[in-house]
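Below is one structure, written out as structure tokens; comments come after it.
In what follows, chains carry the letters A, B, and so on, assigned in the order in which the sequence lines appear, proteins first and then strands, with residues in each chain numbered from 1.
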Number of protein chains: 2
Amino acid sequence: MGKVAASSGEIAEATVSTAAQVRKDLSYFGSFGKKGQGYNIDELIEAIEGILGLDRRWKVALVGLGKIGQSLIQFKEFGQIGFDFVAIFEKDPEKIGKSFNGIPIYHIDEMPRVCEEETILIALVAVPAESSEEVFQRVLDAGIRGILNLSGRCCFKPPPHAFIKNVNVAAEIESLSYYLTHF
Amino acid sequence: MGKVAASSGEIAEATVSTAAQVRKDLSYFGSFGKKGQGYNIDELIEAIEGILGLDRRWKVALVGLGKIGQSLIQFKEFGQIGFDFVAIFEKDPEKIGKSFNGIPIYHIDEMPRVCEEETILIALVAVPAESSEEVFQRVLDAGIRGILNLSGRCCFKPPPHAFIKNVNVAAEIESLSYYLTHF
DNA sequence: CTTTGTGAACTTCTTCACAGCT
DNA sequence: AGCTGTGAAGAAGTTCACAAAG
């Protein structure tokens, strides 16, 4: 939009937050603004990318090549923000040895070897809910440190060196039901 | 597992929470347990379904029949928890008038009429990020009160009678990057 | 004059701990 | 004895309000 700097108020407006919140959040990581001027937009983007660890590329494994896995791996935004799928793990012997979207498909038993060789630290898990607990354990045993879980409700407590993020569309639509019922 | 009742501690264990948290959360809505016994499992499930508004069925519209929309509409869990897709809205004239998975595809201009006739209150929006702002406005104008947004980063402030829930896989994987960088 | 960065005040959320019921 | 429901205490998060800087 041609602007060089943005004030905390303008950032709040654009992100549905408040000016004080924007300033406090940023102050936790450093001083990125200039008094009287606001925040230089390019500098701020670069600072936030640094904070989030997006100033590098990450190799990602997909575990489970069902419908959800297939649609996610074709999703271009991952590449744009620095995440590259480099391996797919499956149980189905039909698929193993082939590739999907140019990415090789391995048997899930090969996970420890491939993840070490390729230094993969992040996995996107999209397997049937029944097998997710077992798969989480195998993924962690293969050296993965961050799991993005799309397998539905997850009650798996990761060890302290690992992190699980859950994306659960069913739970979100249930919360809409709650709001519409009560308000 | 053959058990009739569960204590707050057992529920906490199973949900990665704490006993006090489980009791406080439930106490906000009523008294569902028996002192000395814990919570009757069937009764508790029924109570929670009532709280969440899941003791009925909801009609849902899908807006945008791209890859994500197609994979979500085939997702059986929605039906199991009480949500039925009854209409698809699209811009592409190629698809309009046809159906997908047995659900009729309408032009997006027909949304106000169809949503009123069918009393649809919830929409799942899966359109390209560029058009999401405009689509949100049109969806709300059609009488929708709850939006589940899968179109990426959303900075749309809904009016007070409506609710938006965002599901953003890209944002979640970025937060994994943050944790792996700092811990 | 504008806007940041930040202590202090305030609000919300979580945990503690125990009276009271089964 | 076992476990809930809940005030009170403690922790975490948000907003206020203003000194300091451009």
Side-chain angles (χ1 to χ4, degrees), chain A residues 1-52 154-155 157-158 160 163-166 168 171-172 174-175 178-179 182-183, chain B residues 1-52 154-155 157-158 160 163-166 168 171-172 174-175 178-179 182-183:
Chain A
M1 293 159 78
K3 292 195 64 172
V4 174
S7 69
S8 55
E10 291 170 309
I11 296 170
E13 171 76 16
T15 56
V16 196
S17 183
T18 66
Q21 189 72 73
V22 168
R23 292 203 301 279
K24 254 283 193 281
D25 285 358
L26 290 172
S27 79
Y28 183 74
F29 296 102
S31 296
F32 306 108
K34 285 194 184 63
K35 304 195 177 185
Q37 258 86 281
Y39 299 86
N40 177 288
I41 293 170
D42 290 339
E43 277 172 36
L44 184 58
I45 289 172
E46 202 163 319
I48 294 173
E49 283 177 351
I51 293 165
L52 291 176
C154 155
C155 302
K157 190 174 177 181
F163 304 92
I164 300 184
K165 277 269 153 185
N166 294 294
N168 188 339
E172 301 297 331
E174 288 180 348
S175 86
Y178 169 76
Y179 289 118
H182 292 265
F183 307 107
Chain B
M1 292 159 76
K3 291 196 65 171
V4 173
S7 69
S8 55
E10 290 171 310
I11 296 170
E13 171 76 16
T15 56
V16 196
S17 183
T18 65
Q21 189 73 72
V22 168
R23 294 203 302 279
K24 255 281 192 285
D25 285 358
L26 291 171
S27 78
Y28 183 75
F29 296 100
S31 294
F32 307 107
K34 285 195 184 62
K35 302 192 178 188
Q37 258 86 286
Y39 300 86
N40 177 290
I41 292 169
D42 291 339
E43 277 171 36
L44 185 58
I45 288 171
E46 202 163 320
I48 293 173
E49 283 177 352
I51 293 165
L52 292 176
C154 154
C155 301
K157 190 176 177 181
F163 304 92
I164 300 184
K165 277 270 153 184
N166 295 295
N168 189 338
E172 300 299 332
E174 287 180 349
S175 86
Y178 170 76
Y179 289 117
H182 292 266
F183 308 107

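- Aromatic ring orientation, B:Tyr178 versus A:Phe29: perpendicular (interplanar angle above 60°, classes split at 30° and 60°).
- Under the 3.5 Å distance criterion, the side-chain polar atoms of B:His182 are left unmatched by any main-chain donor or acceptor of A:Leu52.
- For the pair B:Leu26 CG and D:dC3 P, the computed distance is 16 Å after rounding to whole Å.
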Encode nucleotides 15-22 of chain C as B, S and - characters from 5' to 3', where the letter depends on protein heavy atoms closer than 4.0 Å: B to the base, S only to sugar-phosphate, - to neither. B-B--BBS
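- Note on A:Ser31: a side-chain N or O is less than 4.0 Å away from OP1 or OP2 of C:dG5.
- Annotation: the span from B:Glu46 atom CD to B:Ile41 atom CD1 amounts to 14.0 Å, rounded to 0.5 Å.
- Side-chain atoms of B:Glu43 do not come within 3.5 Å of backbone N or O of B:Asn40 as any donor-acceptor pair.
- As a whole-Å value, the separation of B:Tyr28 OH from C:dT12 P is 11 Å.
- Ranked by how close their nearest DNA chain D nucleotide is to the 5' end, B:Glu10 and B:Ser27 are led by B:Glu10.
- The list of salt bridge (Lys or Arg N to Asp or Glu O under 4.0 Å) pairs with a residue in residues 20-38 of chain A, not counting sequence neighbours, is empty.
- For the pair B:Phe32 CZ and D:dC3 P, the interatomic distance rounds to 20 Å; values are reported in whole Å.
- With rounding to the nearest 0.5 angstrom, the OH atom of A:Tyr28 is 11.0 Å from the CD1 atom of A:Ile51.
- Each of B:Tyr39 and A:Asp25 has a nearest nucleotide on DNA chain D; the 5'-most of these lies closest to B:Tyr39.
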